Amino acid sequence: ISNHMPTAELQALDAAHHMHPFTTNNELAEKGARVITRAKGVTLTDSEGNDILDAMAGLWCVNLGYGRPELAEAAMRQMQELPYYNTFFMTTHVPAIALSAKLAELAPGNLNHTFFAGSGSEANDTNIRMVRTYWAELGKPEKKVIIARHNGYHGSSVGSASLGGMKPMHAQGGLPIPDMHHIGQPYWYGEGGDKSPEEFGLERAQELEAAINELGEDRVAAFIAEPIQGAGGVIIPPSTYWPEIQRICEKYEILLIADEVICGFGRTGNWFGSQTFGIRPDIMTIAKGLSSGYAPIGGSIVSDEVAKVMDACEFVHGYTYSGHPVACAVALENLRILEEEKIVEKAGAETAPYLKEKWQGLADHPLVGEAVIEGLMGSIALTPDKASRAAFAADAGTAGYVVREACFANSLVMRHTGDRMVISPPLVITKSEVDTLVERAWRALDFAHKKLSDDGLM
Ligand SMILES: Cc1ncc(COP(=O)(O)O)c(CNc2cccc(C(=O)O)c2)c1O
């Protein structure tokens with residue numbers, strides 16, 4: 001089985017043996033999966049030789065762009081030297097030491113200690129157990145509740161999917177686990193009604209204070225939130241939201257976890273989303289851009305204060321691949337290149353403003369209700385009626401799916417979540433590639449506008 005096999009044969013084998021995430025496999029078997037064979041820069045190539053502009057950087061993760069040989073070489077060197085060892089039993093290795101030191105240097109404030117995991121979900125599972133252990137060590141074992149947001153996304157393990165606020169995920173498998181509490185999201189376009197964004201942002205932030213008082217401060221361990229909700233549709237909070245959240249977290253004794261799995265490593269125009277929004281977290285979840293997706297790795301960067309308590313006890317937790325040497329070596333090389341080529345700074349200062357101007361132009365399209373972007377993560381809201389910000393008279397996602405398919409037909413990958421289209425391109429995207437991205441998006445919207453009108457949805 002290789003890239004040279006006919007696509008149909010590859011698709012048949014895939015359908016026979018491979019269960020895909022977040023997929024109705026029978027439908028996919030009917031359709032046949034698109035076989036991606038190669039990638040370079042921001043461009044994917046499929047088994048039929050089609051080049052596709054990957055405006056999603058895989059799954060929000062290939063910040064460095066595809067095809068950087070340095071990362072493969074770093075992996076090869078590490079594999080030859082020490083392909084695996086653990087850090088469980090009083091042992092360590094240079095890649096884990098070097099990466100945790102580098103992260104302490106890059107992370108803002110007093111976030112100087114990293115507990116490694118193999119993914120963002122695993123890192124958020126670490127966080128659930130860490131914040132509860134932290135408070136128990138301080139003599140407050142009742143402080144177990146973690147507050148999070150509806151439509152937040154923190155992963156797909158039992159714990160992390162419980163932190164998330166996605167109802168379809170809770171409906172499968174009996175989630176959430178106990179002591180999880182969800183408050184409203186700062187989604188003005190979809191839920192703000194006639195309120196100003198500023199008023200709405202404050203109102204949604206104050207739901208945190210109300211929840212703490214309703215639950216009792218002595219029961220609440222932490223609040224977890226993405227600086228910008230990614231999988232929820234790139235929901236950029238109103239300017240009043242984060243300052244109010246920060247105030248509340250400081251007023252009450254609860255830990256603040258910033259989930260930077262998407263927002264980290266340059267995505268919002270700074271190294272971390274916490275810097276973009278002036279957030280001072282006690283714990284920061286990282287993954288994705290940490291290695292640009294070239295190797296699976298995640299982690300929790302933890303403040304001096306939290307580490308001081310956690311270091312005094314045995315935290316009875318860890319994964320076989322916590323701090324995997326090859327994944328750490330790839331992540332280190334990824335960060336070295338991001339730093340050396342000033343990719344985060346250039347993306348924030350040059351690419352982001354250009355992309356913002358082009359992206360906001362989409363708001364002129366009849367199908368688009370708003371076009372928002374921060375750094376290099378953006379979204380558009382699809383609507384049949386701009387003035388009222390109305391939803392379509394069909395299941396959420398129907399229009400989004402039509403646009404997504406139209407994008408693929410125009411050699412562009414954009415993700416839809418509900419009836420919002422999202423982008424999160426590699427940070428190395430050039431201005432001419434931005435032009436191509438927006439041109440193809442516009443063409444896809446035109447096609448979808450016609451189809452939705454023909455289907456009576458516009
Ligand atoms: C904020 C956040 N936190 C945690 C995770 C979980 O990370 P892992 O997947 O590595 O366990 C994520 C992951 N985000 C994610 C993962 C897969 C698909 C999509 C999508 O938007 O289609 C988004 C995420 O976006």
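Whatever order the structure lists them in is the order used to number ligands and atoms, beginning at 1. Everything quoted here is computed from the prediction, not taken from an experiment.
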> Within 45° of the ring axis of W188 and under 6.0 Å from its six-membered ring centre, is that where the NZ or CZ of R389 lies?
Replying inline: yes

Out of all atoms in ligand 1, which are within 4.0 Å of some heavy atom of [X]? Include the element for each.
X    : value
A231 : 21 (O)
N124 : 3 (N), 4 (C)
R415 : 20 (C), 21 (O), 22 (O)
S119 : 10 (O), 11 (O)
Y153 : 1 (C), 2 (C), 3 (N), 5 (C), 12 (C), 13 (C), 14 (N), 15 (C), 24 (C), 25 (O)
S121 : 6 (C), 7 (O), 8 (P), 11 (O)
E226 : 1 (C)
D259 : 1 (C), 2 (C), 3 (N), 4 (C)

Go through the side-chain N and O atoms of [X] and [Y] and say whether any donor and acceptor fall under 3.5 Å apart.
X    : Y    : value
S303 : N110 : no
D282 : Y134 : no
H18  : N25  : no
S47  : T7   : yes
S411 : R440 : no

> Relative to each other, are the rings of H182 and H170 parallel, tilted or perpendicular (30° and 60° limits)?
Replying inline: tilted

> In terms of the angle between their ring planes, are H317 and F115 parallel, tilted or perpendicular, with boundaries placed at 30° and 60°?
Replying inline: parallel

Just to confirm my output: which protein heavy-atom neighbour is closest to [atom], and how far is it?
atom                    : value
atom 17 (C) of ligand 1 : L59 CD1, 3.7 Å
atom 10 (O) of ligand 1 : G120 N, 3.0 Å
atom 16 (C) of ligand 1 : K288 NZ, 3.4 Å

>> Does any N or O of ligand 1 fall below 3.5 Å from an N or O anywhere on W60, backbone included?
In response: yes

>> Any heavy atom of E122 closer to ligand 1 than 4.0 angstrom?
In response: no

> Do you know which of H150, R149, Q229 makes side-chain hydrogen bond (donor to acceptor under 3.5 Å, both in side chains) with Q185?
Replying inline: Q229

